[in-house]
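For reference, the structure discussed in these notes is given below.
Lettering of chains follows the sequences in order, A, B, ..., and the numbering in each one begins at 1. Quick caveat, the model's predicted, so the values are computed rather than measured.
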Amino acid sequence: MELSHILDNLNDSQRQAVSAPPSNLLVLAGAGSGKTRVLVHRIAWLVQHEGYHPNSILSVTFTNKAAAEMKGRIEELMHTSTAGMWVGTFHSIANRLLRRHWKEAGIAQDFRIIDSDDQLRLIKRVYAELEVDEGKWPYKQAQWFINGQKDEGRRAGHIQAPELDLYLRNMQRIYLAYEQACERGGILDFAELLLRAHELWLNNPDLLHHYQQRFRHILVDEFQDTNTIQYAWLRVLAGDAVPMTIVGDDDQSIYGWRGAKIENIQKFKKDFKDPSMIKLEQNYRSTKRILDSANQLIAHNPDRLGKNLWTEGELGDPISLYAAYNEHDEARFIVDRIEEWASQGNSRIDAAILYRSNAQSRVLEEALVRASVPYRIYGGHRFYDRLEIKNALAYLRLLSNRDDDAAMDRVINTPTRGIGGKTLDILRQHANEQNISLWAAAKDLLSSNSLTGRARTTLGGFFDLIQQLSADTAGCDLYEQVDHVIQSSGLLEHHAKEKGEAGQARVENLKELVNAAKQFETGTMPLSALQDQDPDLELSPLSQFLDQAALDAGDLQADESHDYVRLMTLHSAKGLEFPLVFLSGMEEGLFPSRMSNEEPDRLHEERRLCYVGITRAMQKLYMSYAEVRRLYGSETYNKVSRFIRELPQEHLEELRPKASLSIPVSSKPSQLSAKNNVEIPDTGITLGQNVRHKLFGDGVVTNYEGKGDQARVQINFENEGSKWLVVGYAKLEAI
DNA sequence: ACTGTAGTGATTTTT
DNA sequence: TCACTACAGT
């Protein structure tokens with residue numbers, strides 16, 4: 001077979017990685033070094049050169065987006081379908097295994113997956129059941145605890161809680177009751193999928209052996225993001241039988257706070273047999289100055305595997321640093337730069353504004369709106385997370401599995417049908433006492449005539465509604481089922497009644513859900529990246545659709561327009577690239593976050609986050625910080641981020657050179673009026689004078705304060721309307 | 001069932 | 001500051 005297409009157009013290290021013998025291999029892939037390319041080409045190499053059957057390849061990613069991209073590129077390169085290959089996220093692959101082997105895994109055949117929102121609701125119910133005081137032990141803390149334990153592979157029963165450790169004893173109690181509630185409802189949360197998949201191997205040696213025979217090679221993307229249970233799952237599956245190719249970058253590990261173990265990369269080198277390592281250091285994305293800056297920054301971190309990005313490309317522009325007076329000034333500056341860039345014939349889609357925390361987006365958004373610049377904020381609510389969608393899905397879940405308490409809990413009185421708190425209490429108590437699901441409890445109470453009056457009527461009404469919906473939609477197409485459910489349940493009407501535009505939007509979303517169901521069935525799903533149906537399994541379309549909704553974000557396709565700026569957190573920018581990038585809020589306390597100040601490891605992760613941010617930029621990078629920032633209602637005066645100081649100064653261009661207007665002011669901060677015509681000492685500039693600033697244009701000097709090189713001049717700029725703007729160290733010329 | 005108010009807490013997020 | 005929650009009152 002002609003194989004040149006697999007190895008052509010690769011650089012030396014890429015080619016080495018792709019064509020390495022099929023044994024354990026670690027590919028240390030720097031940002032923008034073509035790691036997906038290497039993974040895809042390696043799969044093609046294994047199949048077309050080493051003669052592996054496509055079915056014997058297992059390729060694991062973290063996000064659906066990455067999995068979808070990989071599938072697409074494999075098909076493009078190999079001109080074959082990826083249908084037989086196992087390419088998916090850890091969670092979707094775990095789900096696929098558990099759907100097949102639910103018996104061996106000891107779970108319900110029709111188990112449903114719940115997201116963290118439903119998980120929290122369930123935990124709240126457990127609290128009520130156990131009469132735990134929420135004030136003492138916040139719900140979120142229990143959720144954090146449970147997920148953390150599962151990520152480490154620990155069950156509630158494994159925990160050794162000393163009698164005096166009240167925290168641990170309480171958490172264990174909650175974890176235990178939560179486990180039971182999940183068991184009762186046939187519910188699996190995200191962490192449980194992974195834990196069960198791991199236990200599946202441990203408890204069923206024959207099954208493990210079967211899959212070790214089946215998979216001849218395992219490939220893992222973003223290995224630095226694996227947590228303990230994911231590593232363990234891979235470790236057991238691979239054993240000494242299945243070689244692995246892992247790709248990762250320790251310098252881009254930014255998810256330690258949610259359990260990712262950066263050391264898993266080093267562990268791989270120790271735990272797996274004869275691993276070889278190849279570094280991909282040639283970068284095809286950024287200019288030399290950007291790469292040099294990133295390299296020098298990350299060099300401040302200890303214990304790196306070590307890697308230096310280089311490029312054959314241009315030196316490029318310096319990194320521009322802007323010291324804004326406050327967050328509004330910063331936002332205005334960024335918007336001005338974008339408009340300047342757009343006016344030079346560039347597209348706004350090529351520009352991204354990145355920030356450390358979501359709270360920062362608001363001011364930026366305001367500035368964009370004021371300047372009528374189109375933008376889109378990334379992150380936040382996923383399609384399947386919206387209230388109305390979750391409600392609709394809960395009805396569908398209940399149709400698929402009556403025992404799904406999380407679903408029942410959500411819709412039993414949505415829309416309101418007069419089932420009051422008292423009735424619910426009775427129902428829950430009965431369910432707990434009998435250790436049965438809410439649905440079973442309702443059935444019990446209704447048939448035993450132990451309810452009276454209104455409670456009986458309303459609960460009976462709900463019971464009949466679900467049965468009726470089920471009967472009505474038997475044999476229907478999926479989309480008809482969805483459509484029927486949102487209408488007959490009264491959900492559509494309920495949301496339509498909501499006042500304002502919100503109601504309208506919700507109705508639209510519900511219609512979009514029907515549409516999504518239609519497209520899901522016909523296999524033309526633009527909402528989705530998943531499409532990970534197991535051809536060997538007979539799962540109802542509804543179940544498949546619900547799995548999809550649980551495991552996939554359902555992100556809408558990018559807009560038709562290519563003229564909007566993108567705003568996102570540094571975390572969600574990982575894996576992306578933009579010609580023009582702004583890193584905003586480069587201040588101590590914000591970035592690095594004050595929460596990371598205590599532990600060195602957390603600070604290192606912040607530094608890696610900055611490294612990720614810098615390496616997103618292809619052509620031009622701006623960084624900015626605000627001297628004063630309003631945060632949580634009070635003004636904070638932050639120092640410039642240490643990360644700025646860690647950059648090579650020769651690649652930095654300060655848009656406000658400090659030296660150009662250093663004002664030795666010995667007097668107290670002044671409140672002098674602009675009319676006074678007082679000279680600011682040693683500057684030759686007087687209050688009331690007209691000045692020109694190279695970025696802001698013309699203005700009037702109206703005040704100064706501070707002393708020494710801390711002095712600030714306050715200038716009222718004409719083009720800023722009546723706004724006051726204080727500019728420190730500004731380069732000014734008199735006009 | 002809806003509405004008002006007082007209290008609270010506030011990186012980062014995928015599945 | 002502000003957005004979200006729990007709870008009390010109608």
- NA contact type, Ser596(A), heavy-atom cut-off 4.0 Å: base, sugar-phosphate, or nothing? base

- Distance, P atom - from dT12(B) to dT5(C), rounded to whole angstrom: 16 Å

- Task: Identify whether NZ of Lys or CZ of Arg in Arg125(A) sits under 6.0 Å from the centre of the six-membered ring of Tyr178(A) and within 45° of that ring's axis.
- Result: no

- Message: Which residue in the set Gln504(A), His495(A), Arg386(A) passes side-chain contact (heavy atoms from CB on, under 4.5 Å) when paired with Asn509(A)?
- Response: Arg386(A)

- Under 4.0 Å between any heavy atoms, over every strand shown, what does Gly379(A) touch: base, sugar-phosphate, or nothing? Just pick one. nothing

- So what does Ser593(A) hit on the nucleic acid, given a heavy-atom distance under 4.0 Å: a base, only sugar-phosphate, or nothing? base

- Hey, does Asn358(A) reach any base, or is it just sugar-phosphate, or nothing, if we go heavy atoms under 4.0 Å? sugar-phosphate

- Message: Which residues pass the salt bridge (Lys or Arg N to Asp or Glu O under 4.0 Å) test with Arg629(A), not counting sequence neighbours?
- Response: Glu330(A), Glu587(A)

- Can you tell me if the side-chain N/O atoms of Arg362(A) get under 4.0 Å from OP1 or OP2 in dA3(C)? yes

- Task: Scan Tyr632(A) against the nucleic acid and name what it touches under 4.0 Å (heavy atoms): base, sugar-phosphate only, or nothing.
- Result: base

- Message: For the aromatic rings, using the six-membered ring if either is Trp, is the centroid distance between Phe215(A) and Trp86(A) under 6.0 Å?
- Response: yes

- Item | Closest-nucleotide 5' rank along DNA chain B - winner of Trp144(A) and Phe190(A) | Trp144(A)

- Query: Counting only N and O atoms by type, is there a donor-acceptor contact under 3.5 Å from the side chain of Thr82(A) to the main-chain atoms of Met85(A)?
  - Reply: no

- Query: Which comes earlier along DNA chain B counting from the 5' end, the contact point of Asn413(A) or that of Glu606(A), where each point is its nearest nucleotide?
  - Reply: Asn413(A)

- Task: Check whether NZ of the Lys or CZ of the Arg Arg607(A) lies under 6.0 Å from the centre of the six-membered ring of Tyr611(A) and within 45 degrees of that ring's axis.
- Result: no

- dT11(B) and dC4(C), which share atom name P, separated by this distance in whole Å: 15 Å

- Message: Could you tell me the boundaries of the chain A footprint on DNA chain B, defined by atoms under 4.0 Å from its heavy atoms?
- Response: dA1(B) to dT15(B)

